[in-house]
K.L.:
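This is the structure, below, for whatever I ask next.
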2 protein chains.
Amino acid sequence: MERKLLLLGLLQMQEMHGYQLNEMIDAHLSTSIDFKKPTIYKLLGQMRDVGWLEQREEEAGNRPPRRVYSITPAGRDAFKALLRESLAAYKPTDFIDHISLAFLDHLSPAETVPLLENRKAQIQALLHRVQSYDPHQGSMQLMVEHQIRHLEMEITWLEEVIERVVTKGIGMPGGTHHDRNE
Amino acid sequence: MERKLLLLGLLQMQEMHGYQLNEMIDAHLSTSIDFKKPTIYKLLGQMRDVGWLEQREEEAGNRPPRRVYSITPAGRDAFKALLRESLAAYKPTDFIDHISLAFLDHLSPAETVPLLENRKAQIQALLHRVQSYDPHQGSMQLMVEHQIRHLEMEITWLEEVIERVVTKGIGMPGGTHHDRNE
DNA sequence: TATAACATGTAACAAGTTACATGATTTC
DNA sequence: GAAATCATGTAACTTGTTACATGTTATA
């Protein structure tokens, strides 16, 4: 539903066609969310079918006509309902992509540190990209600021982990066990 | 691949059967990751088929026999390779579940604040659950600490957002526009 | 004149979850 | 004797991405 919320929110500002929505999302939100064209087109069709959106065809020469979507009163209601629901409900973040951190002690510090430094460099690169954004309008800017906070936290956290690996004290009780070998 | 990494990591400590792995994950990681039984069983089968795991059947009375998996040398190699790869590569977090924050200004502050307070309460509840965990062994503890950091950040961030909504200054430039209505 | 940008979409695939199926054993 | 726990798995569904298909118009 969050993806529908996003589309409805953007269409609330002005009517747009799919390609245009894709550009918007690409330009302003690509660092923080994945949302690809086929999905956009599909959801637009779905929302049109249930009456949240109205479709208007815009002919322009011989190319595929633009399908311009505008939000209907029903769509506006749906938007508000989704928005309230989504604001009030917190969905816990999935940490599966960080599971490797749990097995840090299976590698030697000498090997671990450069890997973590590499990871850190990537986060930093992303942070710089996000920071270089022009300010967005209204509360849209909150998305950017939130991501910046998040990335900054990730970096300081990683630095601490690296520090702990270096000074050897990784997981609290003496239980450090990376095994002897190549 | 992260899920396979997790299974391999757990099986590196000791051989286990699927049900047991599921219990482990449930007990120690359920606050931070989703990983359900059917997925576990499927991945165990896959990894057995490619020779990363060895399967041994343990009969016990008349009930379905336990299929106990132990990691093979090939599995150990795969584990290390996956671990290195996964440590070095940062996969950006998806913020789609936070998109509602971008449309905060479509609701009146009077309505927004309680919704956000509710959201905050949920994060706090989760934080308390995570904090009540016994310390995990070795670097596994890092997962817990990371999640705690994350949740604390989310809470302070939300508090700031609430503050900004209350004092009206939401998204930087004067562009606050929540529309007049019921 | 080749490539990028414009504009739409379908089809195949991926990677999970939820719901269902089965049956023994232990606990209340 | 009912319900929870132990133990396995399959099947259907969900929700998204990637790859492909198509054709026009502007740009290098």
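Predicted model only: the values in this text are computed from it and were never measured. Just so it is clear: chains get the letters A, B, ... in the order the sequence lines come, proteins before strands, and each one is counted from 1.
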K.L.:
Would you say B:R66 reaches D:dA7's phosphate, i.e. side-chain N/O to OP1/OP2 under 4.0 Å?
P.N.:
yes
K.L.:
Identify which nucleotide among D:dG16, C:dT17, D:dG9 has an atom closest to any side-chain atom of B:D34, counting heavy atoms from C-beta outward.
P.N.:
C:dT17
K.L.:
At 4.0 Å (heavy atoms only), tell me whether B:G45 reaches a base, stays on the sugar-phosphate, or touches nothing.
P.N.:
nothing
K.L.:
Output the rounded distance in Å from CZ (B:F35) to C1' (C:dG16).
P.N.:
10 Å
K.L.:
C:dA19, C:dA7, D:dA7: which one has an atom nearest the side-chain heavy atoms of A:Y19?
P.N.:
C:dA7
K.L.:
Which nucleotide wins on minimum distance to the side chain of A:Y41, given the candidates C:dA7, D:dT10, D:dT8?
P.N.:
C:dA7
K.L.:
Show the numbers, then the answer: is there a salt bridge (charged side-chain N to carboxylate O under 4.0 Å, His left out) between B:R164 and A:E145?
P.N.:
CA-CA 13 Å; B:R164 277 155 80 171; A:E145 291 177 33; 2.9 Å; yes
K.L.:
Using 30° and 60° as the class boundaries, would you call the ring planes of A:H28 and A:H136 parallel, tilted or perpendicular?
P.N.:
perpendicular
K.L.:
So if I take every side-chain heavy atom of B:Y69 and compare against D:dG9, D:dA19, D:dC6, which nucleotide ends up nearest?
P.N.:
D:dG9
K.L.:
Which heavy atom of B:I71 sits nearest to which heavy atom of B:R76, and what is that distance?
P.N.:
CG2-NH2, 3.3 Å
K.L.:
Counting only side-chain nitrogens and oxygens, does A:K36 get under 4.0 Å of the OP1 or OP2 atom of D:dG16?
P.N.:
no
K.L.:
Could you state the atom-to-atom distance from CD1 of B:I96 to P of D:dT15 in whole Å?
P.N.:
13 Å
K.L.:
Out of D:dG16, D:dT10, D:dT8, which has the shortest distance to the side chain of A:K42?
P.N.:
D:dG16
K.L.:
Rounding to a whole Å, what distance do you find between A:E2:CD and D:dG16:C1'?
P.N.:
14 Å
K.L.:
Atom CG of A:L44 to atom C1' of C:dT10: distance rounded to whole Å?
P.N.:
16 Å
K.L.:
Given side chains that start at C-beta, do those of B:E154 and A:H146 come closer than 4.5 Å, heavy atoms only?
P.N.:
yes
K.L.:
Quick one: closest heavy-atom pair of A:Q122 and B:A89, and the distance?
P.N.:
NE2-CA, 3.8 Å
K.L.:
Between P on D:dT5 and CD on B:E23, what's the gap in Å once rounded to a whole number?
P.N.:
10 Å
K.L.:
Quick one: is C:dA15 close enough that its OP1 or OP2 comes under 4.0 Å of any side-chain N or O from B:R3?
P.N.:
no
K.L.:
Rounded off to whole Å, could you give me the CG-to-C1' distance for the B:D26 and D:dC6 pair?
P.N.:
14 Å
K.L.:
Let's see if you can work this out: which of D:dT18, D:dT8, D:dG23 has an atom nearest to the side-chain heavy atoms of B:R67?
P.N.:
D:dT8
K.L.:
Heavy atoms only, 4.0 Å cut-off, all strands: where does A:P38 land among base, sugar-phosphate and nothing?
P.N.:
base
K.L.:
Does atom CZ (A:R56) have a neighbourhood of more than 12 heavy atoms from anything else shown, all under 6.0 Å?
P.N.:
yes
K.L.:
Using only side-chain N and O atoms of B:T39, determine if any of them is under 4.0 Å from OP1 or OP2 of C:dA15.
P.N.:
no
K.L.:
Let me know the distance between CG of B:L43 and P of D:dT8, rounded to the nearest Å.
P.N.:
15 Å
K.L.:
Ignoring the backbone of A:K37, work out which of C:dT8, D:dC6, C:dA7 is nearest its side chain.
P.N.:
C:dT8
K.L.:
How many Å lie between CG on A:D94 and C1' on D:dG16, as a whole number?
P.N.:
15 Å
